Amino acid sequence: MLPKNRRLTNEEIETVIRKGVTNHTPFLYIKSLLNNSENTSFTVVISSKVNKKAVVRNKIKRQIRAFLIRKKGQFKNGYNIVFITKPGVTNIKLEDLQSAILYLLSKNKII
RNA sequence: UAAAUAAUCCAGAUGAUCGCCACCCUUCGCAUGCUUUGCAUGCUACGGGUGGAGGAAAGUCCGAACACCAUUGGUCCAGCUUAGCUGGAUGGGUAAUUGGUAACGCCAACUGGCUCUAGAGUGAUCCAGAGUCAAGACAAGUGCAACAGAAAAUACUCCUUCCGCCCUAGGCGGAUAAGGGUGAAAUUGUCAGAUAAUUAGCUGACACGUUAGCUUGGUGACAAGCUAAACGAGGUAAACUCUACUCGGUGAAAGGUUAAAUAGGUCAAGCUUAGCUUGACGGGUAAACCGCUUGAGCUCAUGAGCAAUCAUGGGUCUAGAUAGAUGAUCAUCACUUCUCGCGUAAGCGAGGAUGACAGAAUUCGGCUUAUAAGAUUGUUUAGACU
RNA sequence: UGCCGGAUCGUCUAAUGGUAGGACUCUGGUUUUUGGUACCAGCUAUCUAGGUUCGAGUCCUAGUCCGGCAG
């Protein structure tokens, strides 16, 4: 789990989704926004349309967060980032998900 | 013994490392206050300690607690002798009985119906066990019943049967409901009489059943028995309806405390005096905090009760997040299963899988649905032995 | 979190508890030199599982999926 200062609150998520810059892959997309602070914060959004079971949704959240914690030394500071999943994310392999995350972050020049 | 199925129990254990949440403690730092060099409170950081999902947390199908709103009692309308009555219109829910409960559509016991199995009996039937039942009323009224059938309900006559006439292929009229046939369903049965005639509740007797009354037993549903110059009444209420009982609305995004901002308001001061500025009060939005976890709690013992459950006493505190914590990896043991190798076999060794359903969101009581492996019990089937 | 509504041929849409109908589509045939049009015939459905009933698309219960509303 991410520490509290690296998470986003409800308001921040809404502003990021409304004003952020979007980048897509077939099963995942991100919205990012500069926040003028020392930290880069993340959150993961999974709709109940992706899967009806909360256990499956929590597992995907944990997989993404664990990968972000492992890579946290490489990030630039000062971004708010929201990961939003699409239906189909449950069927792919873990390596594909991780490479998609790296692709999206590098495309935004955060890494 | 094996398999299937149903119910109940259980929902791997120990240790290490890396992370997350809550609370507590030590130290350092910062801020505020004070009796001023220390103490108190708060916050941040490092470190340490303790605790951290379920039997269904799920579905949201019922019920309750709690909070606010409305309010003379389900709702609406009207009236008046106006704080309680009357009248009218109009809904939702439940349904044998008794008990339990905060309450329930839940639970327990019991009664009755139906189904299955075993036993007794020539048989009707009786009895035991298991399962199951939205199990008030169709004998208040209304409605409905396709096709088939003569007829689907204040009855009726297709074939057959009986009588009379024409006259003998058959037709006409009358009688009957025993038999046939149709259908999911067809007007209780036996005997005798009456009749032109027969196997007609048309009449009588008996049996069966229903209803009513009485007696006995039971808290009661009900059971057993008796009586009737009462009756023979088809089905359907998960059809309308009737009867009895019962029911305010909104949901923790309820609501409460503090409170930036904005509009409009009151007061005071100052300045130019149509007014403006500042401050205070009040106002109440964002936000924060509370609500929030000590509760119809868990557990043990004793007692009451057939049981559900209740009473008394002892012990105990056991998640509280806010886009949402409770996770990941490794090792060992336990457990089941799969693969490979060795072995006649028992077994041994190596490797893999932890096995299912599934994640708190105000809290409880139920119901429903989903559940791998293992354990216990019941039922069914198959096999072996006696 | 709370609360509503719906599910019928491939698509759209009917059906009072009593043979699931129609339109478009599709398939085959006739007409035409061919295609279209027209005509004829055919294929194809009650979301799932139980119950009530003689008999459920319809009534009741449970589940699955879809859609909507509040804030």
Side-chain angles (χ1 to χ4, degrees):
Chain A
M1 193 59 206
L2 292 162
K4 232 173 187 179
N5 59 355
R6 284 187 175 271
R7 298 187 221 165
L8 294 173
T9 64
N10 222 327
E11 284 178 71
E12 288 169 336
I13 290 167
E14 284 195 20
T15 57
V16 170
I17 286 175
R18 208 177 304 123
K19 301 181 181 174
V21 179
T22 312
N23 283 296
H24 281 275
T25 68
F27 44 83
L28 181 75
Y29 64 99
I30 69 170
K31 285 181 174 280
S32 57
L33 193 67
L34 281 168
N35 66 350
N36 301 320
S37 81
E38 295 181 351
N39 284 322
T40 293
S41 303
F42 302 96
T43 199
V44 183
V45 174
I46 301 183
S47 150
S48 60
K49 278 188 182 179
V50 173
N51 198 304
K52 286 196 72 179
K53 295 178 184 175
V55 173
V56 176
R57 282 184 261 133
N58 286 345
K59 185 181 177 187
I60 295 168
K61 281 187 191 177
R62 285 200 305 269
Q63 283 172 344
I64 295 174
R65 284 172 185 153
F67 185 71
L68 291 172
I69 288 171
R70 224 175 301 148
K71 301 282 178 185
K72 68 183 173 187
Q74 308 176 11
F75 299 143
K76 291 182 185 173
N77 287 333
Y79 285 94
N80 283 347
I81 300 174
V82 176
F83 289 86
I84 302 172
T85 55
K86 305 180 187 179
V89 76
T90 52
N91 298 327
I92 63 169
K93 291 181 187 171
L94 188 58
E95 300 86 48
D96 296 337
L97 183 64
Q98 290 172 350
S99 63
I101 293 167
L102 286 178
Y103 167 78
L104 289 170
L105 292 178
S106 62
K107 194 153 191 189
N108 264 326
K109 302 191 173 78
I110 293 164
I111 291 181

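This structure is a prediction, so every number in the text was calculated from the model and none was measured. Here is the naming used below: chain letters follow the sequence lines, and residue numbers restart at 1 for every chain.
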Applying side chain to side chain contact (heavy atoms under 4.5 Å, CB included) to Leu105(A) and Ile81(A), what does each step give before you reach the verdict? CA-CA 9 Å; Leu105(A) 292 178; Ile81(A) 300 174; 4.0 Å; yes

Report whether Val45(A) and Leu33(A) are members of the same hydrophobic cluster (ILVMFWY, side-chain heavy atoms less than 4.5 Å apart, transitive linking).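 In one cluster with Val45(A): Leu33(A), yes.
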
Counter-base of [N], judged by Watson-Crick or G-U geometry with both distances under 3.5 Å:
| N | value |
| --- | --- |
| C59(C) | G51(C) |
| A346(B) | none |
| A186(B) | none |
| A301(B) | U312(B) |
| C281(B) | G265(B) |
| U362(B) | A65(B) |
| G374(B) | C9(B) |
| A319(B) | none |

Determine the interatomic distance between [atom1] on [N] and the same-named atom on [M]; round to the nearest Å.
| N | M | atom1 | answer |
| --- | --- | --- | --- |
| G91(B) | U236(B) | C1' | 26 Å |
| C12(C) | G6(C) | C1' | 16 Å |
| G2(C) | U362(B) | C1' | 14 Å |
| C43(B) | C289(B) | P | 12 Å |
| A57(B) | A319(B) | P | 16 Å |
| A139(B) | A184(B) | C1' | 25 Å |
| C62(B) | A356(B) | C1' | 29 Å |
| G59(B) | U26(B) | C1' | 50 Å |

How many angstroms lie between [atom1] in [X] and [atom2] in [Y], if you round to the nearest 0.5 Å?
| X | Y | atom1 | atom2 | answer |
| --- | --- | --- | --- | --- |
| Ile60(A) | Leu97(A) | CD1 | CG | 8.0 Å |
| Ile64(A) | Leu28(A) | CD1 | CG | 5.5 Å |
| Asn23(A) | Ile30(A) | CG | CD1 | 5.5 Å |
| Ile84(A) | Phe27(A) | CD1 | CZ | 15.0 Å |

Any idea if [N] is syn or anti, going by the 90°-from-0 cut?
| N | answer |
| --- | --- |
| G99(B) | anti |
| U27(B) | anti |
| G47(B) | anti |
| A53(B) | syn |

Distances under 3.5 Å between protein N/O atoms and the N/O atoms of nucleotides 359-361 of chain B, please, pair by pair.
residue : atom : partner  : partner atom : Å
G359(B) : OP2  : Ala54(A) : N            : 3.2
G359(B) : OP2  : Val55(A) : N            : 3.4

With sequence neighbours left out, the residues meeting ring pair (Phe, Tyr, Trp, His ring centres under 6.0 Å) with Phe67(A) are none

What residues form a ring pair (Phe, Tyr, Trp, His ring centres under 6.0 Å) with Phe42(A), not counting sequence neighbours? Phe75(A)

Arg57(A) CZ to A358(B) C1', straight-line distance once rounded to whole Å: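 Arg57(A) atom CZ is separated from A358(B) atom C1' by 12 Å.
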
Take the protein atom NZ of Lys59(A) and the nucleotide atom P of U326(B), then report the distance between them rounded to whole Å.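 Checked: the NZ to P distance equals 15 Å.
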
Does Leu68(A) form a side chain to side chain contact (heavy atoms under 4.5 Å, CB included) with Ile101(A)? I'd like the steps, not just the answer. CA-CA 9 Å; Leu68(A) 291 172; Ile101(A) 293 167; 4.2 Å; yes

Side chain to side chain contact (heavy atoms under 4.5 Å, CB included) partners for Thr22(A), two or more places apart: His24(A), Tyr29(A), Lys31(A)

Check nucleotides 320-323 of chain B against the protein and report each pair of N or O atoms closer than 3.5 Å, with its distance, or say if there are none.
residue : atom : partner  : partner atom : Å
U322(B) : OP1  : Lys4(A)  : NZ           : 3.3
A323(B) : O2'  : Thr43(A) : OG1          : 3.4
A323(B) : N7   : Asn10(A) : OD1          : 3.1
A323(B) : N7   : Asn10(A) : ND2          : 3.0

Does Lys107(A) have any side-chain hydrogen bond (donor to acceptor under 3.5 Å, both in side chains) partners at least two apart in sequence or in another chain, and if so, which? Tyr103(A)

